[in-house]
Protein chains: 4
Amino acid sequence: MRWKRRAAARPDEILDAALDVFIETGFDAARMDDIAARAGISKAGVYLYFDSKEALLRALISREISPIAAQLTAIAEAGAADPEATLRLMATAAIERLSDQRFFAVPRLIIAISGRFPDIADFYRTEIVETAMAALAKLVTAGIDKGAFRPVDPVLTVRAIIGPVMFAALWRHVLRGDLDIPPAKVIEGQVDLLLNGLKP
Amino acid sequence: MRWKRRAAARPDEILDAALDVFIETGFDAARMDDIAARAGISKAGVYLYFDSKEALLRALISREISPIAAQLTAIAEAGAADPEATLRLMATAAIERLSDQRFFAVPRLIIAISGRFPDIADFYRTEIVETAMAALAKLVTAGIDKGAFRPVDPVLTVRAIIGPVMFAALWRHVLRGDLDIPPAKVIEGQVDLLLNGLKP
Amino acid sequence: MRWKRRAAARPDEILDAALDVFIETGFDAARMDDIAARAGISKAGVYLYFDSKEALLRALISREISPIAAQLTAIAEAGAADPEATLRLMATAAIERLSDQRFFAVPRLIIAISGRFPDIADFYRTEIVETAMAALAKLVTAGIDKGAFRPVDPVLTVRAIIGPVMFAALWRHVLRGDLDIPPAKVIEGQVDLLLNGLKP
Amino acid sequence: MRWKRRAAARPDEILDAALDVFIETGFDAARMDDIAARAGISKAGVYLYFDSKEALLRALISREISPIAAQLTAIAEAGAADPEATLRLMATAAIERLSDQRFFAVPRLIIAISGRFPDIADFYRTEIVETAMAALAKLVTAGIDKGAFRPVDPVLTVRAIIGPVMFAALWRHVLRGDLDIPPAKVIEGQVDLLLNGLKP
DNA sequence: AATGAATGAGGCTTCATTCAT
DNA sequence: TATGAATGAAGCCTCATTCAT
């Protein structure tokens with residue numbers, strides 16, 4: 001019966017392996033051979049669980065994405081009472097998470113393949129990005145209503161939050177820039193700017 | 001002797017073609033056949049000017065990059081007298097430019113292939129990103145010295161500027177999001193937030 | 001103990017399934033998966049009864065063939081007294097039978113694979129075709145002896161009988177030709193021609 | 001310039017090779033490797049001229065077929081004056097031709113693959129078989145009109161002619177039967193039976 | 001007897017690159 | 001300079017067959 005359990009775990013093991021290989025080489029240059037080897041099974045074995053390399057990509061993105069949207073909305077709603085603190089909390093969480101290569105892999109894949117698989121990009125936008133943005137926008141609106149924030153445009157404000165977070169991840173994982181600034185300091189500085197602005 | 005002129009223009013025509021094809025399919029999925037066809041020459045013809053597909057990629061990135069760094073530094077220096085106006089000007093220019101797919105192609109390529117060609121990513125970071133950031137940081141520092149800005153961390157401030165600009169490009173070209181917000185308004189809102197912050 | 005009986009029937013069920021699949025796709029393109037599925041068992045189950053796909057082919061041909069030779073000889077011998085009627089009877093039976101796709105499948109398989117399995121072709125020729133031809137030839141000879149037929153070459157006469165029968169099957173199953181001529185009429189016309197010839 | 005001529009001949013060389021390999025192994029078991037090797041080029045070279053193995057099959061059948069239909073009709077029309085002699089002539093030609101394995105290959109391929117490529121079978125029926133049958137039927141009708149033949153059913157008569165010819169080819173190439181009867185005698189006997197019938 | 005899981009071997013097809021002209 | 005022709009080296013995927021339970 002041991003293999004029963006193994007078999008049940010296989011798809012996830014394969015997706016883990018695929019994630020690793022995709023991170024290293026990107027989708028196109030990834031070889032099914034390597035994914036199989038990394039998963040510890042034969043190449044044909046992969047096809048027992050996934051129809052094609054593209055199917056693997058789609059399944060992977062789905063899996064990585066699915067828990068996120070709900071979490072984001074939950075946090076945003078839970079924190080409506082104290083928008084400022086919640087904003088700081090979410091930015092912290094996002095930067096921490098995205099500093100993990102495996103977490104940043106999906107957005108990066110999306111960027112790389114959106115030209116050829118526009119529907120995947122659409123899926124990601126709908127399921128994750130728009131959800132996240134809506135949650136944040138609600139938070140900003142709550143802050144405005146409470147008088148904690150100026151009456152700014154919530155959508156643009158959300159971009160002002162997400163943008164630097166995204167940049168931090170790109171800087172680290174894509175541009176391999178020095179990491180001399182500790183994350184905590186990055187967040188502190190970024191939030192301070194967001195709240196107080198540049199002007200004296 | 002018209003062909004002389006044509007011949008001299010060939011490398012650029014080829015790079016133009018390569019850029020188009022890379023935009024559509026990404027580097028790995030791009031076929032030399034397609035690039036040659038788009039350039040209006042034979043596939044073998046491409047190899048008269050470029051040694052390999054990778055060489056094409058490197059040459060393309062070099063070409064697209066070369067004028068930018070100088071421009072950025074020049075603008076930043078020229079505008080040191082009025083940091084706020086210059087910041088607004090640069091953000092406007094960046095968003096406008098990046099709304100052109102052909103301009104955004106290079107950063108996008110970098111993101112996609114940095115895993116396999118780390119030296120290209122390093123090159124891009126050194127030549128463009130760090131240069132741009134340095135120019136902007138100088139501007140911020142000038143503003144602080146002048147008393148126009150609070151004594152913030154210049155590096156983080158630069159990230160707060162670049163991040164939203166980058167996000168705008170990703171949103172448009174990768175995520176194919178709606179473009180209901182006109183660029184001018186995006187810039188205005190973003191700069192306002194940056195200068196005045198969220199707080200009332 | 002119903003399963004005991006089922007188990008005993010398994011090989012036949014598998015061969016039935018194989019026959020169906022071979023009819024649809026031919027031997028080479030047939031997949032063991034499909035055969036197993038059609039037989040209602042697992043793929044591995046097929047291998048409990050047959051060593052290989054080729055073994056399946058051989059067993060199938062054997063099974064389909066075995067009763068035929070004896071029948072043919074029996075009919076031919078029983079009808080020696082009235083050669084003309086017996087000829088008509090046999091032609092009728094042959095055309096009827098071959099109008100069933102499952103019956104024609106074996107000759108068709110033989111045609112398709114004789115190049116790669118010459119021994120199967122030889123087996124089929126020896127066991128079926130030559131037997132049938134011998135039986136028919138005997139009938140013709142009997143007719144000649146009786147004065148019912150002209151002193152023709154029996155072997156060629158047999159070909160003149162089998163040929164059109166074979167063609168009728170090819171026309172229907174391979175060429176998918178219109179079936180506007182009812183079988184009875186085909187037989188009647190064919191036998192009339194055979195007996196009376198073209199000349200007035 | 002030598003290669004110019006070579007290149008022009010390539011498709012035909014490849015089709016020749018494919019015909020050989022198809023004869024030996026059938027369509028499914030044929031390997032593109034073998035076809036390429038037989039044609040004296042690389043496997044990739046085959047794909048310069050044909051899109052796929054299936055395309056090769058279709059092109060081959062087209063090529064082999066195209067001259068035949070016209071020839072048949074021409075002969076039939078030219079011989080309308082003397083139907084009996086023309087019938088004998090055509091039977092002779094057909095049996096001779098089909099005794100060549102390369103000529104019989106196409107009908108044999110059709111038989112083997114008609115299940116999976118019904119449109120090819122339809123094409124063959126329309127272009128070749130129905131054309132041939134129409135030509136022969138016209139001849140028979142002419143004979144009847146002239147009083148040379150009895151008023152038989154022309155279509156069935158055509159089957160009585162084609163059937164034995166087909167059988168002769170099957171006997172030789174598929175069943176690998178002895179060839180003790182010389183073709184000339186086969187034809188003579190077959191035609192005699194057709195004209196004069198079995199009855200005394 | 002029966003099967004879900006696994007795989008080795010191999011086939012088709014693609015494509016960056018080279019060569020002969 | 002320019003290219004049509006050609007190919008070696010892969011990569012994806014399939015499938016007959018075996019194994020562990």
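Throughout, protein chains are lettered first and strands after them, A, B, ... in sequence-line order, and every chain is numbered starting at 1.
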Q: Nearest-nucleotide wise, let me know which of A:Ser42 and C:Val46 is further upstream toward the 5' end of DNA chain E.
A: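 This one resolves to C:Val46.
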Q: Can you name the one residue among C:Tyr124, C:Phe117, C:Phe104, C:Phe22 that meets side-chain contact (heavy atoms from CB on, under 4.5 Å) with C:Leu109?
A: C:Phe22
Q: Side chains of A:Arg116 and A:Asp28, heavy atoms from C-beta outward: is any pair under 4.5 Å?
A: yes
Q: Counting just side-chain N and O atoms, does B:Tyr49 come under 4.0 Å of either OP1 or OP2 of F:dT1?
A: no
Q: Is there a side-chain contact between C:Ile35 and C:Arg38, using heavy atoms and a 4.5 Å cut-off?
A: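 Sidechains of C:Arg38 and C:Ile35: no contact.
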Q: Go through E:dT3, E:dT7, F:dA5 for me and flag the one nearest to the A:Leu48 side chain.
A: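 Of the candidates, E:dT7 comes closest.
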Q: With a cut-off of less than 4.0 Å, is there a side-chain N or O of D:Arg10 near OP1 or OP2 of F:dG4?
A: no
Q: Got B:Arg108 and A:Ser114 here, is their nearest side-chain heavy-atom distance under 4.5 Å?
A: yes
Q: Using atom CD1 of A:Ile35 as one end and atom P of F:dG11 as the other, report the distance to the nearest whole Å.
A: 12 Å
Q: A side-chain contact here means heavy atoms from C-beta on lying under 4.5 Å apart; do D:Tyr47 and D:Met32 qualify?
A: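 Of all side-chain heavy-atom pairs linking D:Met32 with D:Tyr47, at least one is under 4.5 Å.
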Q: For A:Lys43 and A:Asp34, what are the C-alpha separation, side-chain angles and deciding distance, and is it a salt bridge (charged side-chain N to carboxylate O under 4.0 Å, His left out)?
A: CA-CA 8 Å; A:Lys43 202 185 352 179; A:Asp34 291 341; over 6 Å; no
Q: C:Glu13 CD to E:dA1 P: how many Å, rounded?
A: 14 Å
Q: May I have the distance from B:Phe50 (atom CZ) to E:dA16 (atom P), rounded to whole angstrom?
A: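 Whole-Å distance recorded here is 16 Å.
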Q: Grab the N/O contacts between the protein and nucleotides 13-17 of chain F below 3.5 Å, and write none if there aren't any.
A:
from	atom 1	to	atom 2	distance (Å)
F:dC13	OP2	A:Tyr47	OH	2.5
F:dC13	OP2	A:Lys53	N	3.1
F:dC13	O5'	A:Tyr47	OH	3.4
F:dC13	N4	A:Lys43	NZ	2.7
F:dC15	OP2	C:Arg31	NE	3.2
F:dA16	OP1	C:Ala30	O	3.0
F:dA16	OP1	C:Lys53	NZ	3.4
F:dA16	OP2	C:Met32	N	2.9
F:dT17	OP2	C:Tyr47	OH	2.9
F:dT17	OP2	C:Lys53	N	2.9
F:dT17	O5'	C:Tyr47	OH	3.4
F:dT17	O4	C:Lys43	NZ	2.9

Q: For the residue pair B:Arg31 / B:Thr25, report whether a side-chain donor-acceptor contact shorter than 3.5 Å exists.
A: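 Side-chain D/A pair, B:Thr25 to B:Arg31: absent.
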Q: Please report the distance, rounded to the nearest Å, between CD1 in D:Ile41 and C1' in F:dG4.
A: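 Distance, rounded to whole Å: 14 Å.
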Q: Can you tell me how far apart CG (D:Asp20) and CD (D:Gln101) are? Round to the nearest 0.5 Å.
A: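 Atom-to-atom, D:Asp20:CG and D:Gln101:CD are 9.5 Å apart.
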Q: For DNA chain F, report each stem as range with range, ordered by first number, or say none. Use Watson-Crick or G-U wobble pairs under 3.5 Å, at least 3 in a row.
A: E:2-21 with F:2-21
Q: Decide yes or no for D:Asp122 and D:Arg125: does some side-chain heavy atom of the first lie under 4.5 Å from some side-chain heavy atom of the second?
A: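 Yes; the side chains approach each other to less than 4.5 Å.
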